[in-house]
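First up is the structure itself, then whatever we jot down about it.
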Amino acid sequence: MITTPAPRAARPPVQRTAPVLRRRLVGAYVELTIDAPEIAERTEPGQFVAFAVGGPTSAHLLRRSIAISTAGEGAVTVVVSAAGPGSTWLTERQVGDALDVVGPLGRGFPIPPPVTPALLVGGGYGSAALVGLAARLREQGTHVVAVAGAATESRLCSVPDLTRLADVVAVTTDDGTAGRRGLVTAAVEEFLSDAGVVYACGPMGMLRAVSDAATARDVPCYVAVEESMACGIGVCMTCVLPVVGEDGRTRFSRSCTEGPVFGGDRVRFADVGTLPWDVVGADAMGVTRP
Amino acid sequence: MITTPAPRAARPPVQRTAPVLRRRLVGAYVELTIDAPEIAERTEPGQFVAFAVGGPTSAHLLRRSIAISTAGEGAVTVVVSAAGPGSTWLTERQVGDALDVVGPLGRGFPIPPPVTPALLVGGGYGSAALVGLAARLREQGTHVVAVAGAATESRLCSVPDLTRLADVVAVTTDDGTAGRRGLVTAAVEEFLSDAGVVYACGPMGMLRAVSDAATARDVPCYVAVEESMACGIGVCMTCVLPVVGEDGRTRFSRSCTEGPVFGGDRVRFADVGTLPWDVVGADAMGVTRP
Amino acid sequence: MTVVDAGIDMSTALGRVAIPSPVLTASGCSAFGQELEPFVDLSAIGAVVTKSVQLRPRSGRPTPRMAETPSGMLNSIGLQGPGIDGLLADDLPWLAERGARAFVSIAGTRVEDFAELAERLRGAPGVLGLEVNISCPNVESRGEVFACDPAAASDVIAAVRAAADPAHPVYAKLSPDVTDIVGVARAVTDAGADGLSMINTLLGLVIDPDTMRPVLGGVTGGLSGPAIRPVALRCVWQVHQALPEVPILGMGGIRSGLDALQFVLAGASAVSVGTAVFNDPSAVARVHDELAGALAQRGFAGIGEAVGHAHRAAA
Amino acid sequence: MTVVDAGIDMSTALGRVAIPSPVLTASGCSAFGQELEPFVDLSAIGAVVTKSVQLRPRSGRPTPRMAETPSGMLNSIGLQGPGIDGLLADDLPWLAERGARAFVSIAGTRVEDFAELAERLRGAPGVLGLEVNISCPNVESRGEVFACDPAAASDVIAAVRAAADPAHPVYAKLSPDVTDIVGVARAVTDAGADGLSMINTLLGLVIDPDTMRPVLGGVTGGLSGPAIRPVALRCVWQVHQALPEVPILGMGGIRSGLDALQFVLAGASAVSVGTAVFNDPSAVARVHDELAGALAQRGFAGIGEAVGHAHRAAA
Ligand SMILES: Cc1cc2nc3c(=O)[nH]c(=O)nc-3n(C[C@H](O)[C@H](O)[C@H](O)COP(=O)(O)OP(=O)(O)OC[C@H]3O[C@@H](n4cnc5c(N)ncnc54)[C@H](O)[C@@H]3O)c2cc1C
Ligand SMILES: Cc1cc2nc3c(=O)[nH]c(=O)nc-3n(C[C@H](O)[C@H](O)[C@H](O)COP(=O)(O)OP(=O)(O)OC[C@H]3O[C@@H](n4cnc5c(N)ncnc54)[C@H](O)[C@@H]3O)c2cc1C
Ligand SMILES: Cc1cc2nc3c(=O)[nH]c(=O)nc-3n(C[C@H](O)[C@H](O)[C@H](O)COP(=O)(O)O)c2cc1C
Ligand SMILES: Cc1cc2nc3c(=O)[nH]c(=O)nc-3n(C[C@H](O)[C@H](O)[C@H](O)COP(=O)(O)O)c2cc1C
Ligand code: FES
Ligand code: FES
């Protein structure tokens, strides 16, 4: 394995009621900035927050996890895509509305020494999660190349921010409505040779492709995964993935507290949704070596 | 029995999405006016509407029944008191928000010949339900006396409207913060001798007292009751009261479709919440004549 | 949702009797149909499943009869109703005149009551079949609910099947409050049930924090609505898996076409919409339209193909 | 809600062991307590009820492991956990160091497994007692769940009671998916249970309308959350009515102090907060405060007086 697992965040999360300070449409998404100083001051790039949805009459009990795009000056910014009822409700919040939020949650991206050139790869709203990271890397003088891809122009995200922060930015769309036509992975191949570390956030298929490409070239790659989460804080065990630990053994690891940032080479993407025999404790489930 | 049961409404209800046109605080209540022409044109004084509450993420399945205060010019006005989660949600609606509403529901107040002097008695937000009636009676030249009572000033309702529409208005509060100190019933006693018909809307205790007083003087009295309703349209049988029919037999009658307006002398107030042996079908429940 | 009208074949059957739509009302949630007329074309829906009727008129229980619960409600109506005479005199003719099909729910506290009701309903106008509500206390067995005892449940169904018009399909309505619903399903099917209605309400209780007493006059009541949908789907799934040839009328928390689709995929060939009608009086018609759209979007030519599909896809 | 701190006596007991608060976590809904530390003072709550542990470490089931449902959720975790060795080595010492009480949930697929777990937990630091999760398939009886069979359930409880530290109260955790919960309660109490935890999840199913297959890898899963609260309250009510002297740890959909109050009034002397923690990580502490306020507002001097009050008020 090339990667070292991301360390635990330095500070624990808090739960707060945070008013919406700003709301902005960004292509197909809604960007919300909330007033949450104690969350902002604790945030490390790559962490996420969890919002209660639907207000006091809600039938939706579970929080929705949303990656933190940027955190600073007392505020936290997120980009939300209206997928189902919970995220749709979030995108409908207006300035002044109060949100019940827990964060920052999970582990951030490990930060490389300043001299290591970094390649950041975002897919869809996944690019938002890389903005804080890009800022942090730029701050310490790291050379940053960013690739933002999406199915179509309206589903691109954070391109202006990344353009401002990165040394090089490439945009790809599957349908060619913006940037180069094609998948992000094509652009990634091109920049990989100059990269010392890769960070990726986006759909699972993309994470897998980016991680495979980087690992094949011996470049450490960190991915921020998106697994269905019931609690977001590590107590329910719904969000697990088969991840290879430092001892070489695979465990079902919680993406909320042991992730969402994992070494890409450590995530057994092909086995997600299955129970491989060599996962620790699979034997007790009756799964034996084939 | 002095009263004839209220007849069915002339026109059936409709279900519509109605935007809020106006929102106004009235003491402890919120008055909402909604844009619902098809409901407005069908409304008879005394009918009610039923609102879905909590929006698309709501855990509250049941509609909330709210009396219609006035209906006209394409709009319906209601006065809502924030009691539990559903009514609180209603009071939080803003101009432009869309409400899912069914109405008009139930039976209206039977209208007397113009020459019959009418006494209208409202308790708390119950006074709102009398405004449309007062307007209708005034239109046909009936002499109208209105008594509006409440526990305290902030819980009075529709006093300006009733003052405009009625020939005489009396206000009472239990704590004396407005009008005369005391219960509405004291004022009622005073006006009863000149009344040819009484209409009352308010808490059950008040309805019973007003109805008893009127009936004792042989004045027909119609009350609009408030029973817990699951459907509001007559299909669930949750909202029943023991009511004496024209054949003299008591039935568990649905307050949503056979009411909410009942002849006060026909409602067996003392037996509400019990199963008297002489209710039609009580024998099949194992309740026998004592 | 966009409703795709791709000429989906929505006709299905209750037992061997064809119906034009797989979406029906649920017993006790649409009375005898009259009140839905302003909102729904009663002749276009699968059938009106009438409020469970007994031999004699019943007052039902004292109020309070309901409590709202998270995504559901508790009721304790106590089967208020006109009795079989009233049903035959007023309600069935009214429905028949309008061309609406009545799937008549019958209830009783003795096996003979059920049989007598079935007998009385032979040849009644507009009656399509019988749904037997066995979630009633059995007076001959210290009040144990028929549906909770496979033997008692079978006795009722056998008696009804024998007494009923042979052309009337007889559906047994099962309670989820049992350790082994497949066992009950098997027993009543062996006794002659032509189909199964699943599920009736779950037994529940709510305490009023103000009075500090149970809210309902009857202490416990029946829990219904979307809250119970996962339990209902599990029952339908288990029974269809064990008895794939037995038709199922699925219900429990159906509110949308996609909810109905889940029941169909799990094995129901028709569905009832109950509590959702209280939220949306036109729910039965809306669910029909949404279900048709959902089936079309998924490439089904008709509802028939979709019944039990979730089991087959596994193979 | 205004929390009235009127010096309400919130101390209660699990069996004969005193605890300072009647509000506990629920097994499987707060892992082993660590992750709640930023949100809750673990030494102030009644106890941390730990995730059910088995003899060996378990991976749990493949994902997806959950589906959100109206006012609830379905889960199929498959008891992922470190096994008893891990628990003894890491989790219990961690809790003990912080002065938190551990009510250890144990699970197995054979009677002997349960007994061995109880034996291993004798004298372990910080252990207050055992909650026996009998909602597991019994490998010796074709996978029938222990909790659904009074005899199998009693066997487990008798074996655990015999093997456990005599100072440890043993609570049997009951499943609502039975025809007669009072019968199961009576059987396990006769077998030596010091108390009853009620209820575990209801068996449910959700089908994904896109894949047209069950959402969960394990097909069915456990339904929890406010949706099931009326069922849980009914179970507590029935069992307390039949066995008023048996202590009950009530749970199922508790989200607020008034929800907890309902359980106490119905007969629970303590409560667990499960799924609500996913909505609000500080729920356990909040429910304690709200319950204290609610009891004070109603004139109770302590929680003890309120236990079962809804039954007494009837008289
Ligand atoms: C670490 C993390 C970061 C995320 N960041 C973002 C972000 O920046 N912007 C954004 O728009 N979305 C983000 N998501 C996805 C977002 O959480 C889901 O889209 C959202 O939960 C869907 O909720 P819903 O009510 O709209 O959909 P529903 O389908 O109704 O959700 C039902 C349940 O499934 C869960 N669920 C459904 N889809 C997902 C998913 N893709 N990932 C996780 N859980 C899911 C929900 O949380 C909910 O519990 C992130 C998810 C995770 C785990
Ligand atoms: C015919 C009629 C006319 C009404 N007119 C008005 C009005 O003009 N203004 C107004 O503010 N309120 C009115 N109400 C009362 C109003 O419907 C209830 O206050 C409201 O339903 C309470 O809902 P909630 O969610 O706030 O309370 P909750 O206590 O959470 O309600 C729980 C359930 O109980 C029912 N319920 C609770 N209290 C009542 C009640 N008093 N009457 C009927 N059902 C109840 C609710 O509808 C709901 O189904 C009327 C009720 C009826 C039946
Ligand atoms: C108010 C009410 C009354 C009911 N009455 C009956 C009844 O008379 N007979 C019957 O078999 N089921 C009755 N039921 C159960 C429903 O028919 C249905 O089985 C159950 O509510 C689940 O479906 P739902 O969640 O769609 O309501 C009643 C349900 C409710 C809510
Ligand atoms: C994700 C999850 C995991 C659970 N794991 C366990 C478990 O390991 N052992 C157990 O006895 N109960 C387990 N339960 C059941 C809960 O302890 C509780 O009995 C049930 O969820 C009802 O309470 P609630 O509605 O407050 O969650 C689990 C519940 C959930 C939601
Ligand atoms: S979401 Fe609960 S453990 Fe990760
Ligand atoms: S509220 Fe349903 S019948 Fe009256």
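Letters A, B, ... are given to chains in the order of the sequence lines, protein chains preceding strands, and every chain is numbered from 1.
Neither the backbone nor the side chain of V236(D) has a heavy atom closer than 4.5 Å to any heavy atom of chain C. Contacts between L74(D) and chain C at a heavy-atom distance below 4.5 Å involve the side chain alone, from C-beta outward.
The side chain to side chain donor-acceptor pair (under 3.5 Å) test applied to D259(C) returns R229(C), S256(C), not counting sequence neighbours.
The candidate from A227(D), C235(D), P70(D), A266(D) with the greatest count of non-hydrogen atom pairs under 4.5 Å with chain C is P70(D). When each of P214(C), G204(C), G253(C) is checked for heavy-atom pairs under 4.5 Å with chain D, G204(C) comes out on top. Per-residue counts of heavy-atom pairs under 4.5 Å with chain C were compared for C148(D), G225(D), P176(D), S71(D); the largest is that of S71(D). Of the listed residues I181(D), V219(D), V231(D), the one with more heavy-atom pairs under 4.5 angstrom with chain C than any other is V231(D).
Listed by first and then second residue, the side chain to side chain donor-acceptor pair (under 3.5 Å) pairs that reach into residues 175-184 of chain C are T179(C)-T179(D), sequence neighbours excluded.
To the nearest 0.5 Å, atoms CZ (R213(D)) and CZ (R312(C)) are separated by 11.5 Å. Residue I228(D) holds its CD1 atom at 12.0 Å from OG1 of T69(C), rounded to the nearest 0.5 Å. A distance of 13.5 Å separates NE2 in H311(D) from CE in M212(C), rounded to the nearest 0.5 Å. Between L233(C) atom CG and T220(D) atom OG1 the span is 12.0 Å, to the nearest 0.5 Å. To the nearest 0.5 angstrom, L205(D) atom CG is 7.5 Å from Q262(C) atom CD.
Smallest separation of non-hydrogen atoms from A310(C) and I207(D): CB-CD1, 3.9 Å.
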Next item on the list: Determine, step by step, whether R298(C) and D210(D) satisfy the side chain to side chain contact (heavy atoms under 4.5 Å, CB included) criterion, reporting the C-alpha distance in whole Å, the side-chain angles of both residues, the deciding distance to 0.1 Å, and the verdict.
Entry: CA-CA 8 Å; R298(C) 284 161 184 76; D210(D) 296 325; 4.0 Å; yes
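Panel note: side chain R234(D), backbone L202(C); no donor-acceptor pair is recorded below 3.5 Å.
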